[in-house]
Protein chains: 2
Amino acid sequence: MALGFLSGNAPRLDGLIERLESAEGLEDLQILIEELRDRYGVDHIVYHWVNSNGEQYGCGTYDLEWVNRYLDKGYLRVDPVVAGCYQRFHPVDWKRLDWSSKAARALMQDAIAYGIGNQGYSIPLRGPNGQFALFSLSHNCSDEEWEDFTISNRRDLILVAHYFNQKALEFEPGRTPDPAQPLSPREIEAMTLLAVGYSRAQAADTLSISEHTLRVYVESARHKLGALNTTHAVARALSRGVIVV
Amino acid sequence: MALGFLSGNAPRLDGLIERLESAEGLEDLQILIEELRDRYGVDHIVYHWVNSNGEQYGCGTYDLEWVNRYLDKGYLRVDPVVAGCYQRFHPVDWKRLDWSSKAARALMQDAIAYGIGNQGYSIPLRGPNGQFALFSLSHNCSDEEWEDFTISNRRDLILVAHYFNQKALEFEPGRTPDPAQPLSPREIEAMTLLAVGYSRAQAADTLSISEHTLRVYVESARHKLGALNTTHAVARALSRGVIVV
DNA sequence: CGCCCCCTCGCTATTTCTGGGGAGTTAGAT
DNA sequence: ATCTAACTCCCCAGAAATAGCGAGGGGGCG
């Protein structure tokens with residue numbers, strides 16, 4: 001119940017971050033997150049990868065019962081923490097989010113009933129290919145105590161969250177970007193124009209070439225990217241960072 | 001030429017981060033970035049918001065001449081730093097990127113000629129709605145010195161980069177396009193299927209709905225995203241992180 | 001209760017894209 | 001010196017996407 005570290009008394013995290021850097025699996029992260037919770041003296045710390053399609057990846061100190069309830073009830077789509085962090089870059093205190101909707105208030109009541117705590121602080125994390133994750137701390141205490149705690153520890157928390165996400169990305173399979181055949185400059189130009197909404201005719205005009213020539217580029221790029229159609233090719237080019245929009 | 005701070009001798013950045021937090025405009029960031037460069041004793045530090053359309057937003061210590069040359073020559077589309085960071089979450093040493101293409105090597109030669117330095121370290125930054133930025137340091141020194149420098153300062157750099165991006169997002173709210181009308185679940189499913197190469201008919205079949213209904217979703221998503229056609233809509237949805245492929 | 005958004009379906013006409021075919025020049029690489 | 005790869009141009013027919021008009025049921029919120 002007592003926050004271990006208030007202002008001017010922040011724990012040294014050096015050793016912990018080093019161990020975080022050398023973690024080799026989700027189990028290590030689980031151990032570290034529990035240790036981190038104890039060091040900070042908060043009720044819960046959770047890292048979770050947020051996927052629109054429900055599958056979860058992460059670790060933390062919430063009861064499994066609560067996690068399952070959260071998923072079953074579809075709270076992910078309602079949670080102001082998720083929605084708010086999705087629109088933000090900087091960490092945010094849960095109090096500052098929009099709890100006005102009925103579903104959100106129901107979620108909060110439910111969470112408190114399950115011992116999550118009345119206070120919370122979440123750090124949004126974003127990786128390549130639209131990856132999105134949250135690193136959250138929650139606790140039961142007064143507003144003043146919580147503010148004191150978050151203000152004095154936010155920088156360390158940003159760093160810890162960053163390293164957690166780095167490890168999660170590292171452990172997650174299927175993120176291996178296949179060695180893509182490089183696109184030629186013209187192909188890149190063509191794909192970029194299509195990605196910003198130009199039709200083939202407009203793109204050809206912009207590049208001062210015939211539409212047929214443009215088409216050759218697009219087709220060539222499509223084959224190089226192993227794409228089934230133009231839209232697919234643009235999507236692949238974007239997520240591989242071949243083009244930037 | 002001499003790196004001010006090698007291992008075990010990192011500068012204290014507390015005061016600087018506090019001033020960063022209270023910065024009120026790009027001018028303040030420019031002053032801070034120059035001070036940061038001097039504290040670290042590196043040749044250059046640059047923060048820049050990356051988008052394809054040439055307009056740039058950011059601050060740093062590069063010569064204006066080099067910045068203009070970079071833009072004129074279209075180096076943005078060739079730069080392995082940009083491409084590499086786009087696919088990564090963690091900071092990266094420029095040496096570890098793929099410089100095999102001719103255009104990339106030409107860029108590197110050119111950069112060295114313009115005094116950028118032979119070493120570099122970049123931190124990818126991602127905000128809401130697919131915002132993407134880089135925080136980079138460059139210097140002229142040996143591989144060993146640079147590795148020593150980056151290893152001992154990487155955590156501070158991650159934090160500083162984070163705060164720079166936070167401020168940039170704060171100063172340029174208009175950059176984050178439209179309060180992003182959220183797509184409905186079905187719209188997201190439809191767009192995702194198109195992004196992975198399905199035709200309308202296939203996507204409709206996959207979702208077990210009529211092709212017409214699918215078309216309604218796509219049109220609706222297109223309007224919400226302010227896109228000119230399906231390809232454009234998929235590109236926007238991807239770069240804003242609305243869908244993930 | 002009314003409003004708005006989400007989900008579902010139908011029809012028609014026009015424009016655009018896709019996927020085959022072939023062909024010439026230039027520049028860089030083997 | 002040869003060869004590959006990039007760049008440029010052309011025709012055609014079928015498939016797909018776009019734009020416009022509709023309709024009705026369900027759920028949440030004020």
Side-chain angles (χ1 to χ4, degrees), chain A residues 52 73-75 77-78 80 83 98-107 180-191 193-195 197-235 242, chain B residues 74 77-78 100-106 179-195 197-235 242:
Chain A
S52 50
K73 289 246 175 187
Y75 281 153
R77 301 201 183 282
V78 174
D98 174 22
W99 295 92
S100 64
S101 96
K102 209 162 74 176
R105 279 195 303 272
L107 161 60
Q181 256 186 296
L183 301 191
S184 76
R186 276 316 224 189
E187 286 162 354
I188 291 176
E189 289 182 286
M191 297 302 287
L193 290 174
L194 294 187
Y198 285 43
S199 70
R200 294 205 301 204
Q202 290 174 315
D205 205 50
T206 304
L207 297 179
S208 303
I209 55 177
S210 78
E211 188 178 335
H212 294 100
T213 302
L214 184 118
R215 221 173 71 199
V216 172
Y217 296 148
V218 175
E219 285 293 288
S220 168
R222 209 184 85 222
H223 286 124
K224 285 183 180 175
L225 293 163
L228 298 166
N229 54 43
T230 303
T231 298
H232 190 198
V234 167
V242 176
Chain B
R77 303 197 183 288
V78 172
S100 63
S101 95
K102 208 165 78 177
R105 280 195 302 271
Q181 252 186 301
L183 300 191
S184 78
R186 279 310 228 189
E187 285 162 356
I188 291 176
E189 290 181 285
M191 297 302 287
T192 304
L193 290 174
L194 295 187
Y198 285 43
S199 70
R200 283 177 171 182
Q202 291 174 313
D205 206 49
T206 303
L207 297 179
S208 303
I209 54 177
S210 77
E211 186 179 339
H212 182 268
T213 302
L214 184 117
R215 227 167 62 199
V216 173
Y217 297 148
V218 176
E219 286 292 287
S220 166
R222 211 181 87 218
H223 287 124
K224 285 183 180 176
L225 293 163
L228 298 166
N229 55 43
T230 302
T231 300
H232 191 197
V234 167
V242 176

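Lettering of chains follows the sequences in order, A, B, ..., and the numbering in each one begins at 1.
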Which residue lies more 5' along DNA chain D, comparing A:Ser208 with B:Asn229 via nearest heavy atoms: A:Ser208
A:Arg186 (side chain) donor-acceptor with A:Leu207 (main chain) under 3.5 angstrom: yes
Check: B:Ser220 side chain, B:Val216 main-chain N or O, donor-acceptor pair, under 3.5 Å: no
Position toward the 5' end of DNA chain C (nearest nucleotide), A:Ala201 or A:His223: A:Ala201
Pairwise side-chain contact, A:Leu183 with A:Met191, heavy-atom cut-off 4.5 Å (strictly under): yes
For A:Glu219, salt bridge (Lys or Arg N to Asp or Glu O under 4.0 Å) partners two or more places apart: A:Arg222
Shortest non-hydrogen separation from B:Ala233 to B:Leu225 and the atoms involved: O-CD1, 3.4 Å
Contact check, side chains of A:Ile209 and A:Tyr217, non-hydrogen atoms, under 4.5 Å: yes
Between D:dT8 (C1') and A:Leu214 (CG): distance, integer Å: 12 Å
Protein-nucleotides 10-16 of chain C N/O pairs closer than 3.5 Å?
{"unit_1": "C:dG10", "atom_1": "N7", "unit_2": "B:His212", "atom_2": "ND1", "d": "3.1"}
{"unit_1": "C:dG10", "atom_1": "N7", "unit_2": "B:His212", "atom_2": "NE2", "d": "3.2"}
{"unit_1": "C:dG10", "atom_1": "O6", "unit_2": "B:His212", "atom_2": "NE2", "d": "2.7"}
{"unit_1": "C:dC11", "atom_1": "N4", "unit_2": "B:His212", "atom_2": "NE2", "d": "3.3"}
{"unit_1": "C:dC11", "atom_1": "N4", "unit_2": "B:Arg215", "atom_2": "NH2", "d": "3.2"}

Integer-rounded Å distance: D:dA19 C1' and B:Leu228 CG: 14 Å
Sugar-phosphate, base or nothing in reach of A:Thr213, heavy atoms under 4.0 Å: base
Phosphate OP1/OP2 of C:dC6: any B:Lys224 side-chain N/O under 4.0 Å: yes
Sugar-phosphate only, base, or nothing, as touched by A:Thr230 at under 4.0 Å among non-hydrogen atoms: sugar-phosphate
